[in-house]
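Proteins get letters first, then strands, A, B, ... in listed order; numbering begins at 1 in each. Quick note: numbers below take in every heavy atom, side chains included, and nothing from hydrogens, waters or symmetry partners. Note that this is a predicted model, so its numbers are computed, not measured.
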There are 2 protein chains.
Amino acid sequence: MSEKELYDKLKIVVKEKALKYTKQRELILGTIYNSKIHLNAEQIHKKLTISNKDDQVGIATVYRNLLFLEETGLVLSISLDNSLKRYEINRHKHHDHLVCIHCGKIVEFINQNIEKEQEIIAKKHNFKLLSHTMHLYGECKACSKIDRV
Amino acid sequence: MSEKELYDKLKIVVKEKALKYTKQRELILGTIYNSKIHLNAEQIHKKLTISNKDDQVGIATVYRNLLFLEETGLVLSISLDNSLKRYEINRHKHHDHLVCIHCGKIVEFINQNIEKEQEIIAKKHNFKLLSHTMHLYGECKACSKIDRV
DNA sequence: ATCGATGCAAAAGTTTTGCATATAC
DNA sequence: GTATATGCAAAACTTTTGCATCGAT
């Protein structure tokens with residue numbers, strides 16, 4: 001999905017709800033889209049503060065729009081152990097996360113065997129499975145080469 | 001593991017580190033042990049405030065000891081989506097969590113097929129797997145019977 | 001012109017820290 | 001007696017909210 005396609009989606013969502021398409025909304029969504037890493041609220045705000053000297057975005061607006069974007073399904077959040085919520089664009093391809101505990105690198109993956117097992121587990125315990133999160137924590141190749149105390 | 005065995009473990013850990021065995025440490029650990037549900041810091045503090053009218057435990061002491069107990073491996077914490085860290089006694093039986101999104105009920109489970117797949121995934125991406133969390137969110141049997149708007 | 005969105009600052013909620021005192025050893 | 005642990009209050013950090021104003025429609 002291109003950046004423009006994403007903004008078009010936002011425009012549709014906003015119109016459907018009879019809300020307004022603002023520069024700030026677009027900037028926040030664009031910041032998430034253009035980041036190689038999963039940013040948290042404060043990091044998004046900082047990026048905007050640096051890149052948009054002229055047109056400042058308040059931290060409250062960032063929080064309000066992150067809630068909004070998550071509600072609409074345009075973005076997803078992940079809560080890793082010991083860190084704040086981080087945000088990613090919802091590409092509607094479900095995936096789980098493999099995280100390097102040293103450098104924070106995140107690899108997205110999906111495994112159908114695990115997805116199937118999860119359904120079986122839920123069924124066994126009489127739960128209707130609605131969603132799940134799976135986070136694998138480890139040491140990536142690059143970080144394994146660095147000596148640590 | 002009985003409550004007494006748990007306190008004995010705490011005594012050993014404390015002695016090893018040349019630290020002190022205090023009533024507060026025991027009370028906090030005991031509160032986690034005796035709770036049927038996974039409590040967060042504030043809930044632990046509240047329980048102690050109610051049950052120990054005579055011998056009050058400060059919230060700072062709760063936080064300091066939760067960190068300490070986690071460091072020593074006596075307790076584990078879980079970070080569920082949209083909620084504060086919750087604590088459980090470390091029974092050294094690794095497990096994952098199935099959570100009811102309505103009532104908060106938590107079922108612990110372990111599935112060897114998934115554990116194996118996780119290793120394979122990490123290897124494929126050149127990660128050394130160190131730990132993981134898996135949280136399945138759903139609706140438990142009891143809650144499925146309640147009409148919701 | 002209207003009503004939602006924004007920025008600011010204040011408030012709320014959660015966790016950490018400094019310091020004097022208490023207490024385990 | 002000594003050093004760690006505690007309680008309290010203050011501070012730090014993260015997120016939410018109230019309100020006047022701005023701006024999209």
Side-chain angles (χ1 to χ4, degrees), chain A residues 7-8 10-31 38-49 52-72 74-75 77-87, chain B residues 7-8 10-31 38-49 52-72 74-75 77-87:
Chain A
Y7 296 154
D8 286 345
L10 177 58
K11 277 172 193 154
I12 292 166
V13 163
V14 157
K15 182 157 282 181
E16 272 174 356
K17 300 190 171 236
L19 299 178
K20 287 162 186 175
Y21 192 88
T22 63
K23 194 66 198 160
Q24 288 88 337
R25 267 189 186 141
E26 189 182 286
L27 283 169
I28 290 162
L29 186 60
T31 302
H38 294 56
L39 303 170
N40 64 35
E42 204 225 317
Q43 292 171 322
I44 292 167
H45 181 240
K46 189 178 277 178
K47 286 223 171 213
L48 290 173
T49 304
N52 272 58
K53 295 275 184 212
D54 36 327
D55 215 333
Q56 290 297 350
V57 178
I59 186 75
T61 300
V62 172
Y63 277 104
R64 278 188 285 235
N65 274 296
L66 288 175
L67 276 180
F68 170 75
L69 292 171
E70 218 183 333
E71 269 171 30
T72 65
L74 284 171
V75 310
S77 70
I78 61 171
S79 309
L80 299 180
D81 288 5
N82 309 313
S83 75
L84 301 179
K85 249 192 201 181
R86 295 176 174 275
Y87 295 86
Chain B
Y7 295 154
D8 286 345
L10 177 57
K11 277 172 194 154
I12 291 166
V13 162
V14 157
K15 182 158 283 181
E16 273 175 356
K17 299 191 172 234
L19 299 179
K20 287 162 187 176
Y21 192 88
T22 64
K23 193 68 198 158
Q24 287 88 339
R25 266 189 188 142
E26 190 182 286
L27 282 168
I28 291 162
L29 186 59
T31 302
H38 294 56
L39 304 170
N40 63 34
E42 204 225 316
Q43 291 171 323
I44 292 167
H45 181 241
K46 188 177 277 179
K47 286 223 171 216
L48 290 173
T49 305
N52 273 59
K53 294 274 184 213
D54 36 327
D55 215 333
Q56 291 296 350
V57 179
I59 186 74
T61 300
V62 172
Y63 277 104
R64 278 188 285 234
N65 274 296
L66 288 174
L67 276 180
F68 170 76
L69 293 171
E70 217 182 335
E71 269 170 30
T72 65
L74 284 171
V75 311
S77 70
I78 63 172
S79 309
L80 299 179
D81 288 5
N82 310 314
S83 75
L84 302 178
K85 250 191 201 181
R86 294 175 176 276
Y87 295 86

- Message: If you only use heavy atoms from C-beta on, which nucleotide in C:dC25, C:dG4, D:dT14 is closest to the side chain of B:Lys20?
- Response: C:dC25
- Query: Nearest of C:dT16, C:dG4, D:dA3 to any side-chain atom of B:Tyr63?
  - Reply: C:dT16
- Residue whose nearest DNA chain C nucleotide is more 5′ - B:Ala41 or B:Lys23: B:Ala41
- Under 3.5 Å, is there an N or O donor on one side and an acceptor on the other linking the side chain of A:Arg64 and the base of C:dG7? yes
- Item | Electrostatic pair B:Lys85-B:Glu70, nearest N-O below 4.0 angstrom | yes
- From the list D:dT6, D:dT14, D:dT17, which nucleotide is the closest neighbour of the side chain of B:Gln24? D:dT6
- Item | Nearest listed nucleotide, side chain of A:Asn65, among C:dT6, D:dT15, C:dC25 | C:dT6
- Message: Treating A:Asn65 as the side-chain partner and A:Phe68 as the backbone partner, does any N or O pair qualify as donor plus acceptor under 3.5 Å?
- Response: no
- Query: Given atom OH of A:Tyr21 and atom P of D:dC22, what is their separation to the nearest angstrom?
  - Reply: 23 Å
- Message: Does A:Lys15 have more than 12 heavy atoms from other residues, nucleotides or ligands lying within 6.0 Å of its NZ?
- Response: no
- Task: Ignoring backbone atoms, test whether A:Thr22 places a side-chain nitrogen or oxygen under 4.0 Å from the OP1 or OP2 oxygen of D:dA24.
- Result: no
- Note on the structure: Ranking D:dC8, D:dT6, C:dG7 by distance to the side chain of A:Thr61, first place goes to C:dG7
